[in-house]
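Order of the sequence lines fixes the chain letters, A, B, ..., with proteins taken first and strands second; residue numbering starts at 1 for each chain. All values below come from the heavy atoms of this structure, side chains included, with hydrogens, waters and symmetry mates left out.
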Protein chains: 2
Amino acid sequence: MPVLVMKFGGTSVATLDRIKRAAKRVGVEVAKGYDVIVIVSAMSGETNKLVGFVNETSPLFDAREYDAVVSSGENVTAGLMALTLQEMDVPARSWQGWQVPVKTTSAHSSARIEEIPTDNIMRKFAEGMKVAVVAGFQGISPEGRITTLGRGGSDTTAVAFAAAFGAERCDIYTDVDGVYTTDPRICDKARKLDRIAFEEMLELASLGAKVLQTRSVELAMRYKVKLRVLSSFEEQSDDAGTLVCDEEDIMESNVVAGVAYSRDEAKMTLVSVADRPGIAAAIFTPLSEAGVNVDMIVQNISEEGRTDMTFSCPTDQVKRAEKAMSDAKDAGKINFHDIVADTGVAKVSVVGIGMRSHTGVAAKMFQVLAKEGVNIKIITTSEIKISVLIDRKYMELAVQALHDAFELEKAG
Amino acid sequence: MPVLVMKFGGTSVATLDRIKRAAKRVGVEVAKGYDVIVIVSAMSGETNKLVGFVNETSPLFDAREYDAVVSSGENVTAGLMALTLQEMDVPARSWQGWQVPVKTTSAHSSARIEEIPTDNIMRKFAEGMKVAVVAGFQGISPEGRITTLGRGGSDTTAVAFAAAFGAERCDIYTDVDGVYTTDPRICDKARKLDRIAFEEMLELASLGAKVLQTRSVELAMRYKVKLRVLSSFEEQSDDAGTLVCDEEDIMESNVVAGVAYSRDEAKMTLVSVADRPGIAAAIFTPLSEAGVNVDMIVQNISEEGRTDMTFSCPTDQVKRAEKAMSDAKDAGKINFHDIVADTGVAKVSVVGIGMRSHTGVAAKMFQVLAKEGVNIKIITTSEIKISVLIDRKYMELAVQALHDAFELEKAG
């Protein structure tokens with residue numbers, strides 16, 4: 001039997017009724033002759049509740065305990081989904097990460113999947129089971145402790161299973177009906193894309209368009225997993241949603257595919273750092289070791305041997321970053337006068353593989369923002385994207401103005 | 001280091017503040033020099049929520065999936081307790097059942113603990129860890145699936161750990177400050193007992209006095225585990241609460257130690273059963289196989305080769321019992337005209353080891369109930385208890401009248 005992977009996100013399994021609706025979608029695919037692996041997230045709100053508990057208990061938590069706590073939501077959904085399928089007379093059972101086992105690294109709360117043995121589940125398929133329901137987002141470390149893959153990790157679980165089982169396709173069911181040129185909640189001209197290149201999706205995902213977790217797209221690209229994003233709230237045809245695919249499979253496209261934003265950015269500035277060779281490494285190595293995901297970096301012009309070093313990171317890592325910097329200062333590894341955190345910022349980006357062959361996108365972007373009176377704090381660029389850090393209060397305005405300026409409401 | 005087991009029930013860990021309070025109690029024992037094993041329940045209300053989900057999804061659920069779902073609440077508390085202790089600078093880590101591993105039978109949702117290897121946790125103690133926080137109520141089957149021990153199973157987990165680790169004592173922290181002569185919520189004359197015999201506690205627990213799970217008391221009796229029930233909401237001295245101990249350790253006692261009740265009883269009647277040798281076995285074997293916990297049994301006088309067979313079981317097993325009986329009828333194993341379930345009943349019992357040497361307790365009990373106009377539906381007796389099934393609406397009245405009649409407000 002061909003294998004299909006279907007992943008249901010938190011809003012798609014938020015209530016027992018929604019789990020039932022999702023189970024019916026699974027039943028449709030089983031009826032088509034697939035052996036289905038269903039990856040489930042926690043019921044909407046559950047993971048946030050658990051994360052809240054952990055943060056309130058211990059701001060600088062032991063990530064191993066964090067993982068043990070926050071992974072529990074997915075286990076609940078997996079069991080309930082298996083029961084719902086059984087009620088529909090579809091032979092199903094649930095697996096928790098450690099039961100498969102989903103073998104990961106020991107990097108707690110952002111572990112990477114290293115191996116997914118298929119024999120256990122394939123044997124059950126051979127015995128007549130039609131659906132394996134797997135708790136997403138979680139795995140087991142070499143030390144036998146529960147790990148999690150980071151927020152949105154269930155997407156990565158889904159793609160990893162699709163790769164391991166050679167699945168025909170990996171369908172990601174979510175609360176939107178595909179990938180849009182930008183977030184329709186803040187720009188009503190946003191348009192659904194039928195197809196998007198892996199590379200574009202990667203930038204959009206990592207820039208905060210929360211449809212898919214970045215690593216799931218990387219993984220899909222590497223293992224050539226056909227990835228489809230579609231809504232669990234609509235009747236679906238076979239070509240519904242957005243297909244995330246190779247660049248070559250896209251006939252035409254706009255220069256800019258989409259405008260992304262990220263609200264959860266903080267700008268951190270190390271004031272008056274002693275400027276010397278190796279200072280960047282001295283700063284960013286301890287940040288990396290503390291698990292801080294540094295994104296944009298700017299180093300001011302050095303004056304009298306001192307400089308300001310500014311970087312951005314997720315707002316919820318500010319405390320961690322401050323502690324890592326203070327510790328490094330105390331240990332005599334770096335020297336600075338002050339550390340200043342600005343949590344009132346946001347990142348806005350334009351993304352498109354067409355940018356490789358078209359110039360002037362950056363200039364146009366800066367003109368549009370200037371015209372709207374938006375001050376740019378940091379700029380970073382890559383081959384296919386330009387990102388700017390701005391005051392958060394201008395975020396919606398910037399997204400809408402850029403969407404208009406690049407005419408994204410029109411198909412390419 | 002001597003080992004102490006401390007168990008905290010759902011209300012004792014219902015909020016982060018209560019977890020902190022419990023952790024402080026643990027800290028006090030660590031400061032005394034104990035290596036502590038903490039067994040935690042799910043936060044109050046969580047398990048009920050999960051059980052509700054399962055029942056709504058699938059009334060005749062697959063118990064393996066039930067276990068996978070309902071065991072998750074304890075995992076959350078275990079992680080949060082470990083984090084709370086770490087915040088207090090007490091070296092701690094959490095263990096889920098399968099990590100210890102708590103090896104159980106495959107009898108899902110009422111599994112029995114078969115073995116608890118101690119090496120894993122003892123090695124951590126040797127390395128300097130002071131507290132092992134273990135998720136109660138759960139284990140792992142020989143097939144590698146998650147099992148649960150039945151409601152209140154965390155008590156059994158606690159006693160089993162105390163036995164396995166040769167703990168000095170097993171302290172059960174709960175929302176009451178000990179074992180009472182009856183439930184103070186329905187009888188304001190209820191009195192706290194300083195000591196109670198294992199046998200009495202066994203009857204009280206199995207009869208629905210929900211302070212301790214029955215099997216935990218059996219286990220404590222068998223392995224001579226000193227068991228103490230005390231409140232997590234009061235400052236504690238070393239002799240607080242109620243000690244559950246050997247009969248010989250109790251100097252004096254009333255003939256009747258307590259009055260217990262159980263609200264969750266249903267009376268099932270098989271109407272007009274063909275009466276023949278082996279009919280009881282034919283009825284109760286399939287019930288047992290279906291996991292129905294039959295408690296009281298009455299067989300009416302046989303007329304013209306037919307009889308009525310009445311039994312009681314927990315209300316949430318009524319559907320299961322009905323199905324088992326219908327299936328047995330369809331399979332031609334038994335024959336009856338109708339099956340009638342009465343879920344409006346309750347069980348009230350008087351318990352006391354003194355009853356072994358005193359007569360007249362039963363007569364007095366029946367007189368008291370008759371005087372209050374309470375009709376008795378079924379009677380069962382043992383060496384140290386008498387139980388009656390009555391209409392639920394008379395339950396509180398019966399408990400209060402019996403408590404008065406046996407003068408339980410006075411110490412023996």
Side-chain angles (χ1 to χ4, degrees), chain A residues 13 15-17 19-20 23 42-43 46-47 49-50 52-88 91-96 98-101 120 133 135 138 140-141 143-146, chain B residues 13 15-17 19-20 23 42-43 46-47 49-50 52-88 91-96 98-101 120 133 135 138 140-141 143-146:
Chain A
V13 293
T15 63
L16 299 186
D17 276 345
I19 291 175
K20 202 176 282 178
M43 293 166 89
E46 280 301 308
T47 304
K49 187 186 82 177
L50 296 170
F53 282 163
V54 170
N55 281 323
E56 197 179 329
T57 300
S58 177
L60 299 167
F61 48 74
D62 175 346
R64 295 166 297 190
E65 300 299 345
Y66 171 96
D67 284 356
V69 171
V70 303
S71 59
S72 71
E74 279 71 16
N75 295 342
V76 172
T77 322
L80 293 176
M81 176 63 85
L83 287 167
T84 307
L85 288 161
Q86 290 175 1
E87 281 291 303
M88 292 163 48
R93 75 155 269 200
S94 72
W95 268 269
Q96 301 188 359
W98 59 271
Q99 288 177 313
V100 174
N120 198 337
V133 185
Q138 58 180 249
I140 181 169
S141 74
E143 295 78 28
R145 301 206 62 176
I146 293 169
Chain B
V13 292
T15 63
L16 299 186
D17 275 346
I19 291 175
K20 202 175 284 179
M43 293 166 89
E46 281 300 309
T47 303
K49 186 185 82 178
L50 297 171
F53 282 163
V54 170
N55 281 323
E56 198 180 328
T57 300
S58 177
L60 299 167
F61 50 74
D62 175 347
R64 294 166 299 189
E65 300 299 344
Y66 170 96
D67 284 356
V69 171
V70 303
S71 59
S72 70
E74 280 72 13
N75 295 342
V76 171
T77 322
L80 293 176
M81 177 63 85
L83 287 167
T84 307
L85 288 161
Q86 289 176 2
E87 280 292 303
M88 292 163 48
R93 76 155 268 201
S94 71
W95 267 268
Q96 300 187 0
W98 60 272
Q99 289 177 315
V100 174
N120 198 339
V133 185
Q138 58 181 250
I140 182 169
S141 74
E143 296 78 29
R145 300 205 62 176
I146 293 170

What is the minimum heavy-atom distance between B/Val76 and A/Ser72, and which atoms define it?
-> CG2-OG, 3.0 Å
In terms of heavy-atom pairs under 4.5 Å with chain B, which of A/Val70, A/Val54, A/Ile19, A/Leu16 leads?
-> A/Leu16
Could you pull out the closest heavy-atom pair between B/Arg93 and A/Glu65, with the gap in Å?
-> CA-OE2, 3.2 Å
Heavy atoms, side chains only, cut-off 4.5 Å: are B/Met43 and A/Phe53 in contact?
-> yes
When the 4.5 angstrom heavy-atom criterion is applied to B/Trp98 and chain A, the contacting part is side chain
Relative to chain B, which of A/Gln96, A/Lys20, A/Glu87 shows the most heavy atom pairs under 4.5 Å?
-> A/Glu87
Relative to chain B, which of A/Asn75, A/Thr84, A/Asp62 shows the most heavy atom pairs under 4.5 Å?
-> A/Asp62
Provide the closest heavy-atom pair for B/Gly144 versus A/Gln99 in the form atom of the first, atom of the second, distance.
-> O-NE2, 3.1 Å
Below 4.5 Å, heavy atoms only, C-beta onward: do A/Ser94 and B/Arg64 meet side chain to side chain?
-> no
Non-hydrogen atoms of chain A under 4.5 Å away: do they reach the side chain of B/Glu46, the backbone, both or neither?
-> side chain
Interface residue of largest heavy-atom contact number with chain A, from B/Asp67, B/Leu50, B/Leu60, B/Leu83, under 4.5 Å | B/Leu83
